[in-house]
Each structure stands twice: as structure tokens, then as C-alpha cells.
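One structure below.
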Amino acid sequence: MIPVVDTADTKNILIVGVGGQGTILASRVIAGVVMRRGLDIKVSEIHGMAQRGGSVVTQVRFGKEVFAPTITPGTADFILAFEKLEALRWLHYLREGGTVIVNSQELYPLPVLTGSKEYPVDTMERIRGKVSRAIEIDALEIAKKCGSPKVVNTVLLGVLAGLLDSDLEAWRETIRETVPPRTVDINLAAFEEGIDRGKEFLSQVGN
Amino acid sequence: MKWKGFIYLSSIPGGFAAVQEFCSICEEHGFVIGKGRIMLELLTGNEAVARGAYEAGVHFAAAYPGTPSTEILEALAKYDEVDAQWSPNEKVAMEVAIGAAIGGARSMVSMKHVGLNVAADPLFTASYMGVNGGLVIVTADDPGMHSSQDEQDNRYYARFAKLPMLEPSNSQECKDYVVLAFALSEEFDTPVLLRLTTRTAHGRSPVNLGQRQEIKVKEYKRQIEKYIVLPAHARKLHPKVHQRMVRLEDYACSTPVNEIQLRGRDLGIVTCGAAYQYVREACPEASVLKLGMTYPVPTELIRRFAGEVDELVVVEELEPLLEDHIRGMSLEVKGKDMFTRFGELSTETIREGLGLENAVSSRVSGGAVEPEQPIPGRPPVLCPGCPHRGVFYNLNRLGAVVTGDIGCYTLGALPPLSAMDTCLCMGASIGKALGMEKAQGKEFARKTVAVIGDSTFLHSGITGLMDVVYNHGTITTVILDNGITAMTGHQHNPATGFTAKRGPAYKVDLEQIARAVGVERVRVVDAYDIDAVYSVLKEEMAVEEPSVVIARRPCALTVKSRSKGYSVNSRCIGCRKCIKLGCPALAIKDGVAEINSQLCTGCGMCAQVCPRQAITLSEESKGDSRG
């Protein structure tokens with residue numbers, strides 16, 4: 001496995017989801033790991049009205065020296081999608097050969113709830129049709145098994161870490177420091193589950 | 001080697017790259033450095049601005065919340081050494097900060113770009129007065145309108161009000177420039193503007209933390225020719241302002257924050273703020289004049305830079321302020337003919353503008369760029385349990401003409417609630433409703449309703465309501481009182497009973513304010529009670545006199561404990577009446593309504609509108625569903 005976090009080239013990770021899903025923790029942990037290694041990092045997110053149940057995106061860039069705070073479409077190494085439709089919405093940000101990690105959860109936007117639009121039934125097929133490295137994971141189910149539906153984000157983070165990095169101890173340490181003390185065990189269990197899914201995927205698809 | 005101690009690196013200009021260089025020099029000399037752990041913190045630009053103010057010894061800070069500026073005051077309120085407060089609006093915040101500066105304190109006031117419009121009156125004349133203690137005014141602009149009604153370029157305020165302006169491009173500079181701004185403010189006897197944009201304000205990047213300089217509050221001396229702007233005094237002050245700006249332009253030509261970076265000779269780019277970061281990414285080989293101080297424009301420095309390069313290009317977000325200035329210097333320059341003046345710039349748009357091929361030749365196409373296979377949008381929406389929902393549902397039923405205002409509740413304009421006709425700026429709803437009545441007459445006023453939040457009403461709605469009574473208006477005003485400034489993330493205001501530092505405060509009584517300006521019909525209604533809201537609105541709209549309806553319920557996001565949610569039983573016939581509430585917890589599945597138990601807050605509004613008693617409280621109680 002390539003310890004990508006240690007390379008000098010700038011890496012781009014796009015974290016997408018729905019306002020209120022807790023995408024912030026994921027970017028905080030990634031940032032913690034990156035800063036431990038003395039690398040430069042920029043994290044960009046949008047606050048305000050979009051947070052009220054809208055489509056939200058966090059952009060993480062790290063490397064030896066990072067300038068632009070935002071990711072150019074077509075250059076993301078990873079998309080970490082907390083929701084399936086959002087994975088499709090932002091897919092054009094992925095670079096060729098990049099990996100999209102999709103939580104299989106479906107959250108219906110209001111136009112779907114009110115019946116004026118339909119939620120695409122073939123979202124995952126459409127994603128797989130465009131990207132060879134797409135991994136779908138039922139993070140909510142795994143999170144519940146670990147003891148709390150709230151640790152969906154840590155499961156997804158585990159998948160990312162498993163695919164991205166060889167030194168996972170730094171991630172565990174950062175998670176310990178980042179999450180509320182009484183939830184450390186559940187979060188670490190969720191993280192390990194995620195790592196396993198990531199490695200499973202690598203054994204099938206390769207680096 | 002044994003641990004020796006800390007070194008604070010805040011005295012090293014140049015941000016992260018300089019720290020890296022410093023560390024490598026230390027290592028060459030045999031020192032071991034705990035890189036990245038001890039001194040660097042990942043801060044948003046807003047947090048870094050607050051940190052800079054703290055380190056500069058700021059004594060006092062005021063603000064009114066507004067995206068993307070809100071977190072500056074929130075962060076400052078956490079420092080024990082800083083007296084930080086929310087003011088009722090930006091104008092008051094500015095005035096309090098000016099007063100504190102005259103009183104000798106180092107003061108900061110922060111607001112979003114449109115907030116500076118509200119505070120423009122004191123701003124312009126504070127420029128004449130100058131300061132005693134340093135005064136830094138932060139404006140956070142929003143190119144691309146992520147959470148704003150316009151994308152005005154507040155750099156024009158610097159030119160208009162004759163004030164110096166600094167523009168950081170990352171979090172480190174946010175901190176450093178605030179420290180510099182306080183020094184300049186006192187040295188040149190002027191308020192200093194610091195302009196952020198959404199990307200610098202909300203972007204996170206590493207910052208070296210330093211220590212606070214303890215600065216004493218200066219002595220206050222009466223100086224009426226300086227602090228009283230009688231025409232006779234102001235006539236003397238105005239030329240002084242000009243002399244100050246001339247001296248500041250000299251400074252701008254020599255300050256290290258205005259930096260010529262010579263690389264290739266072919267292309268020279270003048271840039272500032274977030275655009276600098278995109279420029280460095282888009283064409284690393286170009287020479288750059290990075291302006292950290294954009295006003296006064298450093299004319300001679302630009303001329304020097306122009307002499308070093310063959311082609312001069314300005315890359316600036318929004319308006320061609322620098323470009324126009326440079327053209328006025330009779331230099332050949334390009335800018336807005338290559339780059340958009342709308343929205344944010346990006347690495348991609350700059351490469352396109354410069355005629356460079358984008359790094360990405362072939363792309364993975366996705367949903368958002370495939371017009372032939374559109375995917376449903378995901379607009380923001382009122383939260384499950386939002387107390388505003390029932391009011392808009394009823395205004396829709398009543399066929400009201402609704403003049404709206406700024407806050408979460410602007411979302412009442414979107415389908416299926418679709419209950420708003422106009423939304424302009426903070427506090428405008430009430431004046432607009434009165435104006436509609438003036439245009440269309442008393443009959444029209446029977447269906448005209450102004451809708452305004454509690455914080456917005458206190459910000460600038462009270463004077464509008466006064467005008468309704470004073471000028472014989474008969475429209476109805478609804479105050480959506482959710483007990484907090486919700487849109488910007490739940491800040492306290494004069495009606496919440498708490499200060500910015502979470503201490504107790506007097507709680508303004510909205511009913512009494514309405515009565516005091518002369519409204520006799522003031523009704524309070526539970527915002528969750530659909531029928532009561534309907535009948536109160538109907539009655540108050542019908543009467544030919546001004547009335548105020550206060551729809552009261554705490555913001556659903558601030559209510560932590562709830563025991564039960566609702567569920568749909570077999571009596572549901574799929575009539576879709578509940579769906580008209582536009583609640584994200586409700587959907588039609590297989591022809592009948594379904595409630596998402598994870599999202600349901602138990603407000604019960606859907607159960608009230610159901611004609612078949614098909615929505616009832618769930619048998620099992622559940623804990624707090626929110627993460």
C-alpha cells in the first residue's frame with residue numbers, strides 16, 4: 001500500500017453530504033493526521049443557509065505547500081460521500097483513477113419528498129458506469145452494529161484511511177483526541193470496521 | 001537531546017513556508033523541532049482574525065452575526081481578557097466600537113459585507129475623526145453569494161470612506177494582518193478596514209500562535225476639534241484625511257505585505273486576497289505582485305512591478321477596482337476581459353482566462369454536469385420541527401401577500417410552502433408592507449403581511465413598525481419569535497436574556513415594544529398550534545388597523561430533549577395534505593405518508609393538518625434523535 005499522506009504531491013479529498021450529517025468530524029481527523037506529519041493543509045467549507053438540509057461539501061487539500069483552498073473539478077483523489085445522490089452530484093470532481101466512497105444511505109431532498117421529482121433508482125449504477133473505483137458501503141448499518149448510528153462518519157473515515165494510508169496509528173490517536181471521551185471505544189470500533197471494508201476493496205480492485 | 005522549551009514563531013512573517021524553512025535551519029544546527037504539533041493550529045480565517053486581535057491586545061469587540069463573519073466575535077467572546085458583545089445591529093456595533101476607540105481601548109467590530117451598509121453612516125465620519133485606541137473594522141464579503149442577497153465588493157468602501165484596507169489570503173495572514181492593522185490604526189490615526197471573503201473567512205489553514213501583548217487602555221482627553229464633527233471642525237479634518245492617505249500610500253509602497261515575487265518576465269500578475277492563492281496554483285511560473293494592502297493602491301510599487309514584466313494582468317475577485325486604478329496610471333493592463341466579475345474565481349477559471357490548458361484533459365462526468373440526465377436538486381429547507389413552518393403553511397392557505405425578511409424563514413418562499421412575495425434586506429419587511437399598502441390601498445392591506453424574525457425585528461424592524469402606526473398603515477406584522485438568532489448558528493440577542501459571553505442580561509419584551517410604538521392589537525400565539533395561528537392571522541389581517549402577531553416557539557435545533565415522535569397509521573389515504581407542510585421528515589411512499597422517525601421532532605403539526613387522524617404519537621418513546 002502507498003502511504004499517500006506522506007507524499008509531497010498535493011492530495012485532494014472532497015467530502016460531500018447533506019447539512020446536519022456531521023461531515024465536519026471527518027475533515028478534522030484528516031487534518032489532525034496531516035498536521036502531525038508536518039504537512040501543509042487547507043480545508044474549505046461553506047456555512048450558513050446551505051446547512052439547513054442542503055447539499056454540503058468540504059474540500060480538503062494537503063501536501064508540501066498548498067495554495068488554492070478549493071479543488072479543481074476532475075482532480076479529487078477521493079470523494080467521501082455521506083449520501084448516495086450527493087456522490088453522483090459531485091462526481092465530476094473526481095480525477096481519472098480516483099476513488100469514490102459511497103455511503104448507501106438515501107436522504108430524499110424536498111422535491112422528492114413532495115413528489116415533484118424522483119430519486120434516481122440507478123444512482124449506484126450511474127456512478128459505477130463512470131468510475132471504476134467506486135466502493136459502496138452501508139455505513140449506517142455498520143455504525144448501528146458498533147453501538148451508535150452517530151458513528152457513520154467514523155466508519156466512512158475508516159474506509160478512507162484504509163485506502164489512503166499505511167500508518168493507521170496516527171489516525172487512531174487523532175480520533176481519540178477528537179471525539180468526546182465517552183465515545184472513544186465506539187468510534188474506534190467503527191473506524192476498524194471501516195478499515196476492513198477499505199482493505200477488502202483493495203484486495204479486489206488493487207491499488 | 002533533551003527538551004529545551006517553546007519558541008513562538010509568530011514573529012516570523014511568511015506563514016507556513018517560512019516556518020518550514022525556519023525548522024529546517026534549526027535542524028541543520030542540530031536542534032530537534034516538534035514540527036506541526038507545538039506551534040501550529042488549524043484555524044479558520046475567522047478564528048485567526050480573533051486570535052490576531054487577542055494577540056494585539058484588543059480590549060473590546062462588537063458585532064452583529066452575519067455569514068461569513070459570525071465566528072470572529074464568537075471566538076473573541078471565549079477570551080477572558082476581551083470584552084466581546086453582540087449588538088442589536090451593525091450600526092450600533094460600529095458606534096460602540098468607535099466609542100471604545102475614542103475612549104482609548106483597542107477595539108474591533110466585525111460584520112458581513114451588507115452589514116457595512118447598515119454601519120456606513122458612522123464609518124464615513126469615523127474616517128474624519130480618527131482614533132485614540134486602535135480601531136479595526138472587519139468586513140466579510142461573500143463572492144458567489146453562498147449565504148447572502150448580493151455580492152457587493154466592499155473594497156469600494158475603503159476608497160469611498162478614505163480608509164486603509166488590508167486583505168489576507170489565508171488564516172496565517174488573517175492573524176498577522178489584524179496585528180498590523182492595530183499598529184497602523186494608531187500610527188496613522190485612522191480606523192483600518194480588514195476585508196475577508198467567504199473562502200478566507202471559512203477556510204482552515206495552519207497558524208502559528210503567539211502570545212498576547214498586554215496593552216494599556218490609553219488616557220482619554222477631550223479634543224472637540226477631533227471628536228465633534230461640527231462643519232467648522234469637519235472642514236479642517238477633511239484635508240487631514242487626505243494627508244493621511246498620501247502617507248499611507250507611501251507606506252503601502254514599502255510595506256512587506258505588498259510583495260513583488262519575481263519569477264518569469266513574460267507575465268506579471270497583480271492580485272490580492274483569495275485570488276492570490278488561485279493564481280499561485282494556476283500559474284506558478286508567473287511573477288506576482290501580491291497586495292496585502294489594497295487601499296490606498298500602491299501606485300509607485302505597481303509601476304515598478306510593471307517595469308519588470310512584459311504583460312501586466314490583474315486577477316481580482318468581483319469588481320475591477322485595482323484594474324481601473326492601474327489603467328488610470330496609463331499602464332497597459334488586462335483583467336476583467338479575461339476573468340469573470342461574477343462569483344468566486346478558481347484555479348480553473350484563472351487558467352481558462354489566461355488561455356492555459358486546464359490540468360485536467362478528460363474528466364469523469366457527474367450528475368451535476370450532465371444536463372441530459374438531470375438529478376434532483378437539494379435546496380436548503382426549514383428543519384423538521386421548525387416553528388416557522390405552520391405560519392407559512394397558514395399564510396399560503398390565506399392567500400396572503402407576504403413581504404419577507406432575512407433569516408432561516410426566507411426559506412418559506414420555497415415550495416411547497418411558497419408563502420413569500422419579496423425579500424430585500426434586514427428589517428425591510430415591515431416598510432415594504434406599508435409601501436405596498438400605500439400603492440394598492442386599504443383593501444389590499446387586508447391580505448398584506450410582513451414576516452420578520454425576532455432578531456431581525458430588533459435589528460431594524462422596530463422603526464418600520466413605528467412608521468406603520470405613524471403613517472396610518474393597517475398591515476399585519478408577524479414576528480417569528482424562536483428566541484434566538486438562528487440562521488447564523490444560534491447567537492444571543494437582546495431578547496434572549498443572555499450576552500455573547502453567556503452571562504445573564506435583560507430580556508427585551510417584544511409585546512411591549514409593539515405597544516410602545518402604538519400598535520394596540522398585539523397577539524401572541526403558539527407557533528405549533530396550526531388552527532390558532534390560522535384564526536389569529538385571519539382576524540388580524542381583517543381588521544383595518546395595524547396589528548402584530550407574535551408566533552412563539554423556540555428554534556427546534558435549540559430544544560435538546562424530546563420524548564416522542566409521530567408515525568402514520570393505516571387510516572392514511574394518501575391525500576398529501578401533510579406533505580404541503582414541506583417537512584423533511586415526511587414523505588409519500590407507496591401512495592401513503594411515511595414519517596422518518598430519525599428526523600421527526602414530535603412538533604405534531606402534520607397530525608393537526610391530517611383530516612383522517614392518520615398521524616399519531618408513536619407508542620414507544622424515543623431519545624434525542626439528533627447527533
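So you know, we letter chains A, B, ... as the sequences are listed, proteins then strands, and number each from 1. FYI, side chains are in, hydrogens and waters are out, and symmetry mates aren't considered; it's all heavy atoms of this structure.
Here the side chains of B:Leu586 and A:Leu113 are not in contact, with every heavy-atom distance at 4.5 Å or above. B:Gln277 has its side chain within reach of A:Lys42: a pair of non-hydrogen atoms, C-beta onward, lies under 4.5 Å apart. Counting heavy atoms from C-beta on, the side chains of B:Pro379 and A:Pro111 come closer than 4.5 Å. Contact check for B:Tyr278 versus A:Pro69: side-chain heavy atoms found under the 4.5 Å cut-off. Two residues are said to be in side-chain contact when any heavy atoms from C-beta on lie closer than 4.5 Å; A:Pro73 and B:Ser346 fail this criterion. Here the side chains of B:Pro416 and A:Leu110 are in contact, with some heavy-atom distance below 4.5 Å. Annotation: side chain of A:Arg28 is not in contact with side chain of B:Leu42 (no heavy-atom distance under 4.5 Å).
A donor-acceptor pair shorter than 3.5 Å can be found between the side chains of A:Ser44 and B:Arg199.
The residue among A:Val60, A:Ile127, A:Thr70, A:Val112 with the most heavy atom pairs within less than 4.5 Å of chain B is A:Thr70.
For the atom pair CD1 of A:Ile41 and CG of B:Leu40, the computed distance is 12.0 Å after rounding to the nearest 0.5 Å. Rounding to the nearest 0.5 Å places CD of B:Glu594 at 8.5 Å from OH of A:Tyr108. Interatomic distance, A:Phe67 CZ to B:Ser169 OG, rounded to the nearest 0.5 Å: 9.5 Å. Rounded to the nearest 0.5 angstrom, A:Thr114 OG1 and B:Arg576 CZ are separated by 7.0 Å.
Annotation: ring-ring contact (aromatic ring centres under 6.0 Å, His included) contacts of B:His113 (sequence neighbours excluded): none.
Only the backbone of B:Pro415 comes within less than 4.5 Å of a heavy atom in chain A; its side chain stays farther off. Only the backbone of B:Cys583 comes within contact range of chain A, with heavy atoms under 4.5 Å apart. Using a 4.5 Å cut-off between heavy atoms, A:Glu118 touches chain B through its backbone atoms (N, CA, C, O) alone. Residue B:Lys580 does not touch chain A at all, counting heavy-atom pairs closer than 4.5 Å.
A:Arg61 has a carboxylate O that lies under 4.0 Å from a charged side-chain N of B:Glu281, or vice versa, which qualifies the two as a salt bridge.
Under a cut-off of 6.0 angstrom, the local environment of CG in A:Asp138 is crowded, with over 12 non-hydrogen atoms contributed by other residues, nucleotides or ligands.
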Just distance, no hydrogens or angles: give the donor-acceptor pairs under 3.5 Å from side chains in residues 76-86 of chain A, sequence neighbours left out.
| from | atom 1 | to | atom 2 | distance (Å) |
| --- | --- | --- | --- | --- |
| A:Asp77 | OD1 | A:Arg95 | NE | 2.7 |
| A:Asp77 | OD1 | A:Arg95 | NH2 | 3.2 |
| A:Asp77 | OD2 | A:Asn12 | N | 2.8 |
| A:Glu83 | OE1 | A:Leu85 | N | 2.7 |
| A:Glu83 | OE1 | A:Glu86 | N | 3.0 |
| A:Glu83 | OE1 | B:Arg378 | NH2 | 3.1 |
| A:Glu83 | OE2 | A:Leu107 | N | 2.7 |
| A:Glu83 | OE2 | A:Tyr119 | OH | 2.8 |
| A:Glu83 | OE2 | B:Arg378 | NH2 | 3.2 |
| A:Lys84 | NZ | A:Glu106 | OE2 | 3.3 |
| A:Glu86 | OE1 | A:Ser55 | OG | 2.7 |
| A:Glu86 | OE1 | A:Arg89 | NE | 3.0 |
| A:Glu86 | OE2 | A:Arg89 | NE | 3.3 |
| A:Glu86 | OE2 | A:Arg89 | NH2 | 3.0 |
| A:Glu86 | OE2 | B:Arg378 | NE | 2.5 |
| A:Glu86 | OE2 | B:Arg378 | NH2 | 3.3 |

